[in-house]
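Worksheet for the structure shown next.
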Number of protein chains: 2
Amino acid sequence: MATTMQQRMLDAMLPADLAAEPERWQQRKSVRTRVRLVEAAIDCLVEEGYSGLTTQKVAERTGSSRGAMHHHFATRMDLAAAVVEHVFYRRMQAFLDDYLSAVAGARDEALFEISTEAYWRSVQTRDYAAYVELAVAARSDSDLERVFLPAAQRFDAVWISEMIESFPQWQARWETMKLVSDFVVTAHMGLMLNLPVIGAKRAALVRRLVARVVALLHAEAAAGILDLEENNPTGL
Amino acid sequence: MATTMQQRMLDAMLPADLAAEPERWQQRKSVRTRVRLVEAAIDCLVEEGYSGLTTQKVAERTGSSRGAMHHHFATRMDLAAAVVEHVFYRRMQAFLDDYLSAVAGARDEALFEISTEAYWRSVQTRDYAAYVELAVAARSDSDLERVFLPAAQRFDAVWISEMIESFPQWQARWETMKLVSDFVVTAHMGLMLNLPVIGAKRAALVRRLVARVVALLHAEAAAGILDLEENNPTGL
DNA sequence: AAAGAAACCGGCAAGGGTGCCTGTTTTCAC
DNA sequence: GTGAAAACAGGCACCCTTGCCGGTTTCTTT
């Protein structure tokens, strides 16, 4: 079942690049260099920011010519769009691999904790750094936003709907699950960006606080105490 | 007393630009155009990102010439450094104004809640958007990082130390106060950046959760229950 | 008022980036 | 095997940005 879910989520985020399995040698070669270019572009993105993601540097990194670059990606934005798709796909892939191997044989009560830790690990990856760069650049580049936002929302939709599908036992507390997910995603992004300023020590404390909030929500939701739609001064 | 604290915090973050009160007309004029240039630079930063912060556009925006630009800021990085200082100063200023007017005559128990709300408001400002842009750009631009990180850490140090100074009644729970502050800063940054993806509705839920966590920490810390240095499975 | 300093102006060369375009080589179809 | 098509190479023109420089105007000093 787990692999089914994994495959379904990955398929939903599959970049157009990799959609069809190529048969002819030419197509294989094409896909290979496209992937190489996108991969180099992600390196640029992480090392030099979105404005450092330039067609020249990418071509140079891969050793291919600017002509080849232009053949696969006519404009810089075409390349950026491919990068967006790949980054989301790889983030999904890496998280699922990590999470599913960590969750193997775990108790139900530990699931939230395990996934929180897996998410924090995923935040520390190169692909997440690229994601942050794109997310911030999209705030002030409407062309990029047109590519980024739909992809981000699709990622979110897949994430939420599969979470719901995977935990039928939480049926009555789906709203809580979504809230926990949003909370974890939100807090960890802020944590990553503030890490250089507040330092590792204080970041670890915040991280523990986040984990405890998640655990508390887990317990309260399991007991059905928490009503998120109303203002209950007694609850959390 | 409140104004004393406010003045002390602002002084600690005062940009070198505005340090000395100018007497001669020439100096006044100089300061005025410097500020105009920095202000225009912040506009560029917010509207087009750090890479859009260009000496040409800034000069054009203010109506002054590139020569004047170069007279006040020899290089692009000089301008960026001035922008960093101004952004932190203005953030501090705006938050203090908002917070101190909101806190006037409030009960002690409501302080955390009031400051959390004030912080969220501060996150929605233009200066905070500029701050985010700088913080992310500094991750991949070591020249900018050399200017940004010290300023950010100074802001943090002033923030924390003044918070401690202002709440002597919390003496025994300063660690909790710092944690609450870090948590609020962290969560709200992540919330702001995820807002376009998750939407206003879910963001509001997360925001309420954050507020409740703060309230809970407030109550627990006031009761002296929470021991942050050890692993207490009973507490939060 | 005259000399000097500070604020301001506009142009120059160099470098880098983008998009496009003409060829060349490799692979595919018939 | 031959023509078509796809992958790849490298050059050209245009634009933007940067840093700097000589020249001009506006204060300030004495």
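All chains are named by letter (A, B, ...) in the order of the sequence lines, taking the proteins before the strands, and each is independently numbered beginning at 1. All values derive from a computational prediction rather than experimental measurement.
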d(CZ, Phe73(A); P, dT18(C)) in whole Å = 14 Å
Under 4.0 Å between a side-chain N/O of His71(A) and OP1 or OP2 of dA7(D), yes or no?
-> yes
Return the nearest nucleotide to the side chain of Ser30(B); candidates are dC9(C), dA7(C), dC8(D).
-> dA7(C)
OP1 or OP2 of dG17(C) under 4.0 Å from side-chain N/O of Gln56(A) = yes
Counting any heavy atom closer than 4.0 Å, what does His70(A) reach on the DNA or RNA strands: base, sugar-phosphate only, or nothing?
-> base
What's the CE-C1' distance between Met77(A) and dT18(C), to the nearest Å?
-> 13 Å
Write down the distance between CZ (Arg34(A)) and P (dA6(D)), rounded to a whole number of angstrom.
-> 14 Å
Within this structure, what is the CG-to-C1' distance between Leu79(B) and dT17(D), rounded to whole angstrom?
-> 14 Å
Rounded to whole angstrom units, what separation is found between the CG atom of Asp143(B) and the P atom of dT18(D)?
-> 14 Å
Length of the line joining Glu60(A):CD and dC8(D):P, which is rounded to integer Å = 18 Å
Using atom CG of Asp78(A) as one end and atom P of dC20(C) as the other, report the distance to the nearest whole Å.
-> 10 Å
Where the side chain of Ser65(A) is concerned, which of dG11(D), dT18(D), dC8(D) is the nearest nucleotide?
-> dC8(D)
Earlier contact from the 5' end, DNA chain D, for Gly67(A) and Thr75(B) = Gly67(A)
Does the side chain of Thr33(B) get closer than 4.0 angstrom to OP1 or OP2 of dC8(C) through an N or O atom?
-> yes
Looking for any heavy atom pair under 4.0 Å, which part of the strands does Arg66(A) touch: base, sugar-phosphate only, or nothing?
-> base
Arg154(A) NZ/CZ over Phe88(A) ring centroid, <6.0 Å and within 45° of normal = no
Do Asp11(B) and Gln7(B) have side-chain atoms, one donor and one acceptor, less than 3.5 Å apart?
-> yes
Does dT17(D) have OP1 or OP2 sitting under 4.0 Å from an N or O in the side chain of Lys57(B)?
-> yes
Do any side-chain nitrogens or oxygens of Thr54(B) fall under 4.0 Å of OP1 or OP2 in dT18(D)?
-> yes
Under-4.0 Å salt bridge between Glu47(A) and Arg61(A) = yes
Do the numbers put Arg91(A) on top of the ring of Tyr99(A), so that NZ or CZ is under 6.0 Å from the six-membered ring centre and no more than 45° off the axis?
-> no
If you look only at pairs with a residue in residues 111-123 of chain B, which of them pass as a salt bridge (Lys or Arg N to Asp or Glu O under 4.0 Å), with sequence neighbours excluded?
-> Asp98(B)-Arg121(B)
When you check the phosphate oxygens OP1 and OP2 of dT18(C), does a side-chain N or O of Thr55(A) lie under 4.0 Å from one of them?
-> yes
Between Lys29(B) (NZ) and dT26(D) (C1'), how many Å, whole number?
-> 7 Å
